[in-house]
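First the structure, in the form of C-alpha cells, and then the observations on it.
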Amino acid sequence: MFIKHIKEVEEMREDIKQRVIYLIDEWSIKEEVNEDDDLYNDLGFDDLDFMEFVIELEKEFGIYLPDEGIYDMNTPKEFIDFIFKELEE
C-alpha cells in the first residue's frame, strides 16, 4: 500500500513536471529545458514572458499563484514544487 502511494506521488510530480516544461517551451530560447534552468538567464524570459507563463500555469492547473511568492521563483523546479504542494493538499 505504501509503495503504491509513493509511485502515485512520483507519477503526479512527473506529470506536473512535463506540463510545466511544455508551457515553458513556448517562451524558451533553449532547445532542452531542465528543472534547474533559470527562467531569465538560461531560458531567455523577460518580464512579460514570466507573467504570461504564470497565467498559463494558473489556467493549466486551476490554482492561484500569489504575487508575493512568484517573484522568488526562478526555475522550473521551484514552480513544479509549488504546484505539487498545492495539488497535494
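Fair warning: this is a prediction, and the values are worked out from it, not measured in the lab.
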Atom NZ in Lys30, atom CG in Asp38: separation rounded to 0.5 Å? 10.5 Å
Is any side-chain heavy atom of Phe79 closer than 4.5 Å to one of Ile24? no
Consider only side-chain heavy atoms of I, L, V, M, F, W and Y, link residues closer than 4.5 Å, and tell whether Phe53 and Met51 are in one cluster. yes
Do Tyr71 and Leu65 sit in the same hydrophobic cluster, where Ile, Leu, Val, Met, Phe, Trp and Tyr count as joined when their side-chain heavy atoms come under 4.5 Å apart? yes
Could you check if a side-chain atom of Ile70 sits within less than 4.5 angstrom of a side-chain atom of Phe82, using non-hydrogen atoms only? no
Look up atom CD in Glu88 and atom CG in Asp81, then write down how far apart they are to the nearest 0.5 Å. 11.0 Å
Rounded distance [0.5 Å steps], NZ in Lys17 versus CZ in Arg19: 15.0 Å
Within the 4.5 Å heavy-atom criterion, are Asn34 and Asp36 side-chain neighbours or not? no
Please check if atom CD in Glu32 has more than 12 non-hydrogen atoms from other residues, nucleotides or ligands closer than 6.0 Å. no
What about Val9 and Ile83, same hydrophobic cluster or not, with Ile/Leu/Val/Met/Phe/Trp/Tyr joined at side-chain heavy-atom distances under 4.5 Å? yes
Can you measure from CD1 (Ile63) to NZ (Lys85) and round to the nearest 0.5 angstrom? 12.5 Å
Contact check, side chains of Tyr40 and Asp47, non-hydrogen atoms, under 4.5 Å: yes
Could you tell me if the side chain of Ser28 sits less than 4.5 Å from the side chain of Leu39, heavy atoms only? no
Tested for side-chain contact (heavy atoms from CB on, under 4.5 Å) against Glu52, the lone hit among Ile55, Leu48, Val54 is Leu48
From CE (Met73) to CG (Leu57), nearest 0.5 Å: 9.0 Å
Quick one: does Trp27's side chain get under 4.5 Å of Leu43's, heavy atoms only? no
Answer whether the closest heavy-atom distance between the side chains of Asn41 and Asn74 falls below 4.5 Å. no
From the list Leu23, Val20, Asp25, side-chain contact (heavy atoms from CB on, under 4.5 Å) with Val33 holds only for Asp25
Mind running salt bridge (charged side-chain N to carboxylate O under 4.0 Å, His left out) on Arg13 and Glu10 for me, showing each step along the way? CA-CA 5 Å; Arg13 189 180 188 291; Glu10 289 171 351; over 6 Å; no
Can you check salt bridge (charged side-chain N to carboxylate O under 4.0 Å, His left out) on Lys77 and Asp37, steps first, answer last? CA-CA 8 Å; Lys77 183 180 184 322; Asp37 287 337; over 6 Å; no
